[in-house]
Amino acid sequence: MEIGFKDRMEARGIFYSFFSRAYREEIDAAFIEELRAACSPEDDLLAPFAQALHSDDVEALRRDLAGDYARCLLGMHADPVSPFESVWVSGLHLMMQEPRDEVVALYRSEGVDKAQTFHMPEDHIAVELEFAALLCRRAIEAFDENDPVALEENIAKQKAFVHGHLAAWVPDFCRKLRVRSTTEFYRALADATEAFIAADAEEVDRL
């Protein structure tokens with residue numbers, strides 16, 4: 001494997017975990033401050049967040065973001081933005097369909113399950129993104145242990161998951177979120193997520 005493999009995996013894992021956190025629950029004041037510190041106007045992917053989070057009143061910003069999250073992602077809107085893969089790709093466009101069963105099997109193949117405190121189906125966007133981050137971490141472990149068989153299996157699983165799941169529905173989800181959201185933050189999040197998934201679909205093919 002070429003030099004820089006670990007750095008690429010670490011970077012991908014960090015971004016996947018970031019996006020997972022952003023979709024898992026409402027943005028609290030602590031996360032706003034963390035993002036303000038991390039989002040540089042010079043960073044192509046994160047620059048929009050720097051502007052979206054610029055506010056002297058963090059509590060007012062938090063309330064606005066909480067309201068937008070509830071309207072878009074918790075169903076408190078006449079036409080919400082479903083965060084579940086099944087709704088986007090299953091024939092019935094309902095929750096708890098085949099895509100959910102497929103990802104549950106994938107999670108269990110890695111010996112993991114979603115957190116018991118997260119009371120949403122397993123094909124929620126936050127869970128799928130965090131699983132992608134886990135696969136990146138597992139690739140680093142196989143690389144460090146000099147286990148080419150495990151690494152090859154991991155990379156095959158990453159390619160299948162990114163193309164077969166994330167890239168199959170997240171772009172459509174992001175485009176609808178961009179339209180439905182009322183805050184600059186969630187519009188920026190939608191744009192950044194769509195761009196990242198598109199770029200990562202190409203990246204995994206180069207592994």
Side-chain angles (χ1 to χ4, degrees), residues 12 15-28 31-32 35 39 43-55 61-104 106-107 114 118-133 160-204:
R12 292 176 60 237
F15 275 114
Y16 271 120
S17 289
F18 161 71
F19 288 121
S20 174
R21 166 60 187 88
Y23 289 112
R24 187 170 63 245
E25 58 191 356
E26 297 173 354
I27 304 301
D28 58 22
F31 193 49
I32 290 173
L35 287 175
C39 296
D43 188 301
D44 290 339
L45 187 62
L46 298 180
F49 294 106
Q51 179 62 36
L53 296 171
H54 178 71
S55 173
L61 175 61
R62 186 201 63 76
R63 289 195 301 269
D64 287 345
L65 296 180
D68 206 13
Y69 185 89
R71 283 190 298 273
C72 292
L73 300 173
L74 294 181
M76 298 180 185
H77 188 286
D79 186 16
V81 187
S82 175
F84 306 105
E85 181 181 357
S86 292
V87 174
W88 291 91
V89 306
S90 68
L92 296 175
H93 299 291
L94 297 173
M95 293 171 58
M96 305 294 285
Q97 302 299 304
E98 293 86 352
R100 178 263 177 189
D101 297 337
E102 292 172 4
V103 296
V104 167
L106 286 170
Y107 302 161
K114 70 180 180 70
F118 188 70
H119 305 295
M120 293 287 182
E122 291 84 350
D123 60 342
H124 189 283
I125 186 171
V127 183
E128 291 197 7
L129 292 168
E130 189 51 44
F131 181 67
F161 188 69
V162 171
H163 288 290
H165 288 278
L166 295 175
W169 72 281
V170 172
D172 289 334
F173 162 87
C174 290
R175 286 189 281 271
K176 186 170 182 179
L177 178 60
R178 185 186 306 114
V179 172
R180 290 284 177 265
S181 62
T182 59
T183 60
E184 288 296 330
F185 175 85
Y186 281 105
R187 285 193 286 269
L189 181 63
D191 288 340
T193 307
E194 183 179 5
F196 175 74
I197 294 298
D200 203 57
E202 296 180 359
E203 175 72 9
V204 293

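Hydrogens, waters and symmetry mates are skipped; everything else that's a heavy atom, side chains included, is used. Sequence positions, counted from 1, serve as the residue numbers for this chain.
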Enquirer: Under the side-chain contact (heavy atoms from CB on, under 4.5 Å) rule, what do V179 and V81 come out as? Steps first, then yes or no, please.
Expert: CA-CA 10 Å; V179 172; V81 187; over 6 Å; no
Enquirer: Are F18 and F196 close enough that their ring centres sit under 6.0 Å apart?
Expert: no
Enquirer: Any Lys/Arg nitrogen of R178 or E194 sitting under 4.0 Å from an Asp/Glu carboxylate oxygen of the other?
Expert: yes
Enquirer: Knowing that exactly one of I125, I197, V170, L189 qualifies, which makes a side chain to side chain contact (heavy atoms under 4.5 Å, CB included) with F19?
Expert: L189
Enquirer: Determine yes or no for a side-chain-to-main-chain donor-acceptor pair under 3.5 angstrom, with D200 supplying the side chain and E203 the backbone.
Expert: no
Enquirer: Report the C-alpha distance between V127 and M120 in whole Å, list the side-chain angles of each, state the deciding distance to 0.1 Å, and finish with yes or no for side-chain contact (heavy atoms from CB on, under 4.5 Å).
Expert: CA-CA 9 Å; V127 183; M120 293 287 182; 5.9 Å; no
Enquirer: Using side-chain heavy atoms (C-beta onward) and a distance below 4.5 Å, is R71 in contact with Y186?
Expert: no
Enquirer: Could you state the interatomic distance from OH (Y69) to OG (S181), rounded to the nearest 0.5 Å?
Expert: 14.0 Å
Enquirer: Would you say that T182 contacts D64 through its side chain, given a criterion of any heavy-atom pair below 4.5 Å between the two side chains?
Expert: no
Enquirer: To the nearest 0.5 Å, what is the distance between CD on E85 and CD on E122?
Expert: 12.0 Å
Enquirer: Nearest 0.5 Å, what's the CZ-CG distance between R187 and D68?
Expert: 7.5 Å
Enquirer: Closest approach of W169 and P83, non-hydrogen atoms and distance?
Expert: CH2-O, 3.3 Å
Enquirer: Are the ring centres of H165 and F131 closer than 6.0 Å?
Expert: no
Enquirer: If you define the side chain from C-beta out and look only at heavy atoms, does anything of L129 sit under 4.5 Å from R24?
Expert: no
Enquirer: For residues S82 and W88, report the shortest heavy-atom separation together with the two atoms involved.
Expert: O-NE1, 2.7 Å
Enquirer: How many angstroms lie between SG in C72 and CG in L177, if you round to the nearest 0.5 Å?
Expert: 5.5 Å
